[in-house]
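To start, the structure under review is shown below, and the notes come after it.
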Amino acid sequence: MNETPAYHPAEIEAKWQAKWDADGLYHSDIDPNKPKYYALTMLPYPSGDLHIGHWYAMTPSDARARYLRMKGYNVLFPIGFDSFGLPAENAAIKRSIHPKEWTFKNIENMRKQLRSMGAMFDWRREAVSADPIYYKWTEWFFIQLFKHGLAYRKMSPVDWCPTCNTTLAREQVWGDDRHCERCETPVIKKDLDQWFFKTTQYADELLNFETIDWPERVRVLQTNWIGRSEGASVIFKTEQGDPLEVFTTRPDTLWGATFMVLSPEHPLVERIATPECKAAVIEYQAQAARQSDIDREAADKEKTGVFTGGFAINPVNGARIPIWIADYVLMTYGTGAIMAVPAHDERDFAFAIKYGLPIIPVIDRPDGMNKSLVFPGSTREGFAAALQAAGLAFTAQPVGDLGEGLFVTLRREQVDEYVALLRSYLKPGNWNEIVGSRWLFIFEDQVMSLSSVETDQAILARCKAIDPAVSANRTTMEMIQHLPFYQDVLFHAEYGTMNNSAEMSGTPGETAKKQVIARLEAQGIGKGAVNYKLRDWLISRQRYWGAPIPMIYCAQCGWQPVPEDQLPVLLPDDVEWKPTGESPLKLHPTWKDAACPCCGGPAQRETDTMDTFMCSSWYHLRYLSPLYDQGPFDPAEYDYWMPVDTYTGGIEHATMHLIYTRFFHKALRDMGVTEGHEPMLQLRNQGMVLGEDHEKMSKSRGNVVAPDALVEKYGADTVRAYLMFFARWDMGAPWSYSGIEGTVRWLRRLWALSADQQPRQSTAGVETLKTLRRKVHQTLGSVTRDFDNFEFNTIVSSLMELLNEMYKAREAGAAGSAEWAEAWDIYLRMVAPVCPHVAEELWAMAGKPYSIHVQPWPQVDQAAAAEESITLVLQVNGKVRDRLVVPVNISDDEARAAALANETVQKFLAGRDPKKVVVVPGKLVNIVG
RNA sequence: GCCGAAGUGGCGGAAUUGGCAGACGCGCACGACUCAAAAUCGUGUACCCGGAAGGGUAUGAGGGUUCGAUUCCCUCCUUCGGCACCA
């Protein structure tokens, strides 16, 4: 028996990588004669080791880039390093190695690892964000944003990580306990003077995804993150005469505002608080300030607050309403003050019940439901029978140990009839109430409606007079909310017809909001307004290893940008990076000293550095011309390559990098630096590779898969193919060491077939060759489609299937034929994007011209791919009973006849006449009988 | 709580438009080769009943639409991700 020639990936991979490199095979240069394609994969952070996740993100992206190149595109697929950031500094502190040295050593190592992928990276375009030739332009961008009013400095409470000793952006604070994204330490609040970018100015535009093909998931995440709400801003007045502006999404509930709540930090609190209340207010403010966000924002926490002693005037009805402070109102959203409408807001309801504040319903229930509980003994004999006779729904159940009560449920239009009936049966010294859609309290002599603060108290007073047991209640709502039967009708937050709202009563829910806003605007007491959860981007970091913020502070001239001809502001190498909570640059003896660019007098540099998301917001532009020194990028390169056609990477950046980079592009567009509205037209996210134990990979779990070791054992081609094969790319899956064996077997079988293409029989039958060709072109069709759709797993599986077919064809004598030669040629071209080294080697062994990677993608021969016969499925009552092989062009009538004549079909029909015969051309016949 | 995604054999997964469920691979079983093992090759492999022929049941659960549902609709369960007092 012949020795099977061995497949030695290590040899061929090193060989071809060296040759491709020497030949500049993957250089991407402007070529006006070809359509361009900018394929971008998220740039890695140089942590020191390439993770299997990097391979999972990058190698399918590379395969697709290669495919597009074979399709005739001029493809740019660059790589670089996001090389500023905290880990370098943390490593520096831990191991006493300079962050710069640590970073650039890691980059050196990772370059080697990246090269082992055999990806088509054009290394001439590599960009390293920690390199001064890069961050010079990061600084330049800061200055442009400053000059265009998009960067500003503000003292504000910010999230501070006590371990990393720096501020964090909102996006970098994670989880219920609000911990630091990097080190998991819970963050604290700190008041600091910080630089911000005005991302909020672009909030509305960022919500528009019309021109980009991004996953629904990311669009939803960004939309929620931006958190747009439409409503109105309304100006109340304090009794002292200060305007007190609130934002509300429900201006239609304005008449139900029975109190106001300010954030404890609200600037007006001091003026509003009366002398009697001041002590309590100050105490509450101090407590709120002491509390971390963790306590303050705990979801299930009971609401707390204190009365300021002050009152405001509701501008729509002149009502005098108390002003409270409570920490459930956040200073950072809206105006830091709310009008509280307890009847239609869950939080306000809970607060009002707790503190005995009035609750007045002003929006009808859309379902019109009402409830009434008739206490035992409160009505004369025969009331239940009368209800029954009137067709009003109720159940009779015991009320505590008082005896049997009637639990009545009424539709809106039944209320009047019920009231009349009840009044005729109500015993003296009792009352009854109807709650839900309408709020009526029935006494022997009158019916009172809960429609205002005054009626609230009047009703309560009468009830207390009748029943001393309710005397402890402060409001009518507090009194009745003790009855469980009423729980579900006391409060609702839906839109509905306005009531108890003076002349606006009766306005239907669909138009209420609009009409109230119009009224507010006409009266000059408010206007339509939009609010966002999105905040401005906090970019100051009190750390060393980042791009310096190129600003100088002069006591005379204020903040001045460093003149552009003095860029870059270089990071000094001789710093002490021990963590102190101050920027290390501040502790440098001379670095911060500068001359004011304006007056030339002594001034000081900004010692904070920039958030690294600033660096990664524009790296796709630096790739275009990483050595260019006339600007951040060469306009000629920009004009040819931009925008990015496909961007691939992890979903974890949905609300950080991917919002920042869009903001950045739009801001630059408005400055005339970039063109178009979006930087990346198409986005696709890969899933995550889990450990074999189905858990997230981590060193502590010991389930980390090391790509270097895999490459050494199996070769890069196998690792690439397996990563494409083992899961849906967008889903990810647990790693499997035994699974990868299947992929290496496939490549060995491919190798073996290449080495032994001797005909097994003298001639192959016509059918054999036809079948081979059909399968080849069908596979080509599906592989092509799958590349277009990012369905990498089925690319590899259909290649495996075709190889199995080719083995069969060889046994059947196909080897040596023209069909076989074509099959082999197409097969290698299809393998090329997935396993570039094996494909190149076998291509060369087949005596074909170097390089397979510059060959065109083959064309599907539709005629060859077409089936000649089909398997016609025969169903009886929807169940498969038999199958017939028939010509593909069989007519419906012929199919029907063949089905009806079929023995098995007859058997299952059991003599019944077919009621209906469904013929699906080319697929099946279903006989209903 | 709100928003989103996903539930298919022992495992990863496949199934253009509503039309043969389980492609491909792993694993497993048996066989060939071998003194033996590995590698390789071949055959089989959803579950249940049955010796077989054959039949029945199956795509998280329950309903619905349809001649026909993994696919469309409704309710629910589980897992994962995001947001979370946002007025």
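Chain letters run A, B, ... following the sequence lines, proteins first and then strands; every chain starts at 1. Note: hydrogens, waters and symmetry copies are ignored here, and every other heavy atom, side chains too, is used.
For A:D327, the listed nucleotide lying nearest its side chain is B:C85; candidates were B:G56, B:G25, B:C85. For A:M800, taking side-chain heavy atoms from C-beta onward, the closest of the listed nucleotides B:G25, B:C20, B:G27 is B:G25. In this structure, the nucleotide among B:C85, B:U40, B:A87 sitting nearest to the side chain of A:Y333 is B:A87. In the set B:C24, B:A87, B:U57, the nucleotide with an atom closest to the side chain of A:K879 is B:U57. Among B:G4, B:C83, B:G55, the nucleotide with an atom closest to any side-chain atom of A:V220 is B:G4. Distances from the side chain of A:R881 to the nucleotides B:G55, B:G82, B:G27 place B:G55 closest. Taking only side-chain atoms of A:S229, from C-beta outward, the nucleotide of B:A23, B:A87, B:G4 with the closest atom is B:A87.
Across all strands shown, B:G50 forms no Watson-Crick or G-U wobble pair with both key distances under 3.5 Å. For B:A32, the paired base is B:U40 (Watson-Crick or G-U wobble, both distances below 3.5 Å). Within the shown strands, nothing qualifies as a pairing partner of B:G9 under the Watson-Crick or G-U definition with both distances less than 3.5 Å. Across the strands present, B:U65 finds no partner; the criterion is a Watson-Crick or G-U wobble pair with both atom distances under 3.5 angstrom. Using Watson-Crick or G-U wobble geometry with both donor-acceptor distances under 3.5 Å, B:U16 finds no partner in any strand shown. Searching all strands for a Watson-Crick or G-U wobble partner of B:A23 with both distances below 3.5 Å returns nothing.
Taking for each of A:T871 and A:T249 the nucleotide of RNA chain B with the nearest heavy atom, the 5'-most of the two is the partner of A:T871. Nearer to the 5' terminus of RNA chain B, by closest-nucleotide assignment, is the contact made by A:N224 (compared with the other of A:N224 and A:V873).
The ring pair (Phe, Tyr, Trp, His ring centres under 6.0 Å) test applied to A:F725 returns no partner, not counting sequence neighbours.
Using a 4.5 Å heavy-atom threshold, the side chains of A:S263 and A:I325 count as separate.
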CA sep, side-chain torsions, deciding dist, call: A:E801, A:K775, salt bridge (Lys or Arg N to Asp or Glu O under 4.0 Å): CA-CA 9 Å; A:E801 231 173 301; A:K775 187 73 187 170; 3.4 Å; yes
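Remark: C1' of B:C67 and CZ of A:R912 are 14 Å apart, rounded to the nearest angstrom. Across the protein-nucleic acid pair, A:E302 atom CD and B:C85 atom C1' stand 13 Å apart, rounded to whole Å.
B:C49 and B:A32 have their C1' atoms separated by 34 Å, with the value rounded to a whole Å.
Ion pairing between A:R684 and A:D213 holds under the 4.0 Å rule for side-chain N and carboxylate O. Here A:D893 pairs with A:R896 in a salt bridge; the nearest charged N to carboxylate O distance falls below 4.0 Å.
Within 4.0 Å (heavy atoms only), A:T248 reaches sugar-phosphate atoms of the nucleic acid but no base atom. Residue-level contact check: A:F908 touches the backbone only, with heavy atoms under 4.0 Å from sugar-phosphate atoms and none from bases. Contacts of A:R219 with the nucleic acid, taken as non-hydrogen atoms under 4.0 Å apart, are absent. Among the atoms of the strands shown, none is found under 4.0 Å from any heavy atom of A:T332.
Ring-plane geometry between A:Y355 and A:F351 is classed as tilted, the angle between the planes lying from 30 to 60 degrees on a 0 to 90 degree scale. By the 30° and 60° cut-offs, the orientation of the rings of A:F209 relative to A:W214 is tilted.
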Walk along nucleotides 6-19 of chain B from 5' to 3' and tag each nucleotide B, S or - by protein heavy-atom contact under 4.0 Å, base first, then sugar-phosphate. S-----BSS-B--B
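A distance of 8.5 Å separates OH of A:Y827 from OG1 of A:T779, quoted to the nearest 0.5 Å.
Residue A:R745 places none of its side-chain N or O atoms closer than 4.0 Å to OP1 or OP2 of B:C41.
For B:C67, its base never sits under 3.5 Å from the side chain of A:K915 at any donor and acceptor pair.
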